[in-house]
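As structure tokens, the structure follows; a few thoughts come after it.
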Amino acid sequence: MTPVLPGAPWLIAHRTMVGINRPYEITLNGRDYVLWQTAEGQLFALDNSCPHMQAPLSNGWVCQERQSITCPFHALEFSGDGRLLTEGKPSGQPIAKPLDLVIQGDLIWTYGGFSPRLPIPDLIPRKTNGLKFLGATGARSIQADFLSCIKINYDFNHQNGSHRETFRVRENPIHRFEAQGHIARVDLTFIREDNTFKEILDNPAILSLPKRYQGQLDYVFPSLVVFRAEVDLGHLPQVFVLYPETESRTRIFVLCYGTWNPLLLKLPGVNQFMTRSLLKATAVVTEQDAKTVESLYPSQPPQIRLPHEDIMAYVEQLYRDW
Ligand code: FES
Ligand SMILES: [Fe+2]
């Protein structure tokens with residue numbers, strides 16, 4: 001395949017998603033890789049195709065003592081730098097191809113084998129400094145190309161369609177849109193209708209949304225959007241992450257951070273309950289976006305214009321000018 005945005009930094013996982021001493025498979029720009037993490041937090045990544053007879057290493061198993069991965073087909077064992085183990089020791093030259101990783105705290109980034117064209121963004125550490133990591137949620141492959149998937153993150157008119165039942169947004173006026181190269185920021189207000197009782201039961205986290213609240217979106221093209229809403233329940237930034245799996249498949253996941261309002265902490269169990277419902281509600285939102293994008297017919301020049309579509313044009317331009 002033609003790689004999507006070669007040289008872009010891609011956030012492929014948070015450490016908690018990889019787990020400990022077990023293979024974790026990802027697909028990036030048409031290639032499959034296997035990652036694994038030791039109990040001490042060392043991370044390794046190799047091309048997923050075994051150099052012997054191309055079995056998927058991610059179907060194999062990790063040896064804790066030797067920090068190696070074993071192929072599920074003929075049980076050959078490889079070190080994290082891709083060398084074959086003989087009598088328990090790595091020997092010779094690497095034969096399995098390692099994937100370059102850049103570790104930023106708990107965040108696992110890669111350039112997918114291309115020369116870097118943008119630095120690893122510091123947006124997440126800046127926006128989540130001092131906050132607790134609440135969990136990763138909404139991980140899913142969207143059956144759609146990268147551009148269609150990223151555009152919905154810059155689309156300020158779909159709240160009332162795709163997310164109608166969750167947010168009941170009546171209006172979301174934008175007060176500020178600033179873009180500088182691949183970095184952008186949007187400030188807006190959400191004005192909501194009431195949710196139905198059933199919607200609240202299905203999705204209690206929407207109780208945390210007042211009738212009117214401010215929100216900010218910070219974008220770093222092409223991989224990240226951080227959303228923050230000013231609500232009484234706490235300071236709870238959400239990081240929406242995208243990377244291209246293939247030309248027609250895009251991976252999404254969301255990292256939730258935050259501190260709940262100290263008043264909530266006084267009530268036993270409420271904190272955990274709210275965290276669970278926040279993660280669930282966030283996954284509902286990404287599912288709504290994914291379903292929307294997957295349902296679209298091939299793109300045509302639009303014959304109707306809605307407000308703020310210049311923000312979508314901005315991201316499309318970044319994509320086409322890469
Ligand atoms: S295919 Fe991997 S060991 Fe043979
Ligand atoms: Fe959306």
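Starting from 1, each residue takes its place in the sequence as its number. Every number for a ligand or one of its atoms is a count from 1 in the order of the listing.
Side chain to side chain, S79 and D81 meet the donor-acceptor criterion of an N or O pair below 3.5 Å.
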Practice task
Decide yes or no on ring pair (Phe, Tyr, Trp, His ring centres under 6.0 Å) for F133 and H14, but give the supporting numbers first.
Solution key: CA-CA 10 Å; F133 176 66; H14 184 276; 3.7 Å; yes
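Applying the side chain to side chain donor-acceptor pair (under 3.5 Å) test to pairs two or more places apart or on separate chains, those with a residue in residues 88-99 are T86-S91.
Of the possible polar contacts, one joining the N172 side chain to the F156 backbone as a donor-acceptor pair under 3.5 Å is found. K280 places a side-chain N or O within 3.5 Å of a backbone atom of D202 that can act as its donor or acceptor partner.
Contacts of R126 classified as salt bridge (Lys or Arg N to Asp or Glu O under 4.0 Å), with partners at least two apart in sequence or in another chain: D122.
Ion pairing of R185 with E178 is absent here, as no side-chain N (NZ or NE/NH1/NH2) approaches a carboxylate O to less than 4.0 Å.
W322 carries R117 over the face of its six-membered ring, with the cationic atom under 6.0 Å from the centre and within 45° of the normal.
For atom 2 (Fe) of ligand 1, the nearby protein N/O/S atoms, meaning those under 2.8 Å, are C50 SG, C71 SG.
Ring geometry, Y319 versus F146: the interplanar angle falls under 30°, so the pair is classed parallel (tilted spans 30 to 60°).
Around the Fe ion (ligand 2), protein N, O or S atoms at less than 2.8 Å number 4.
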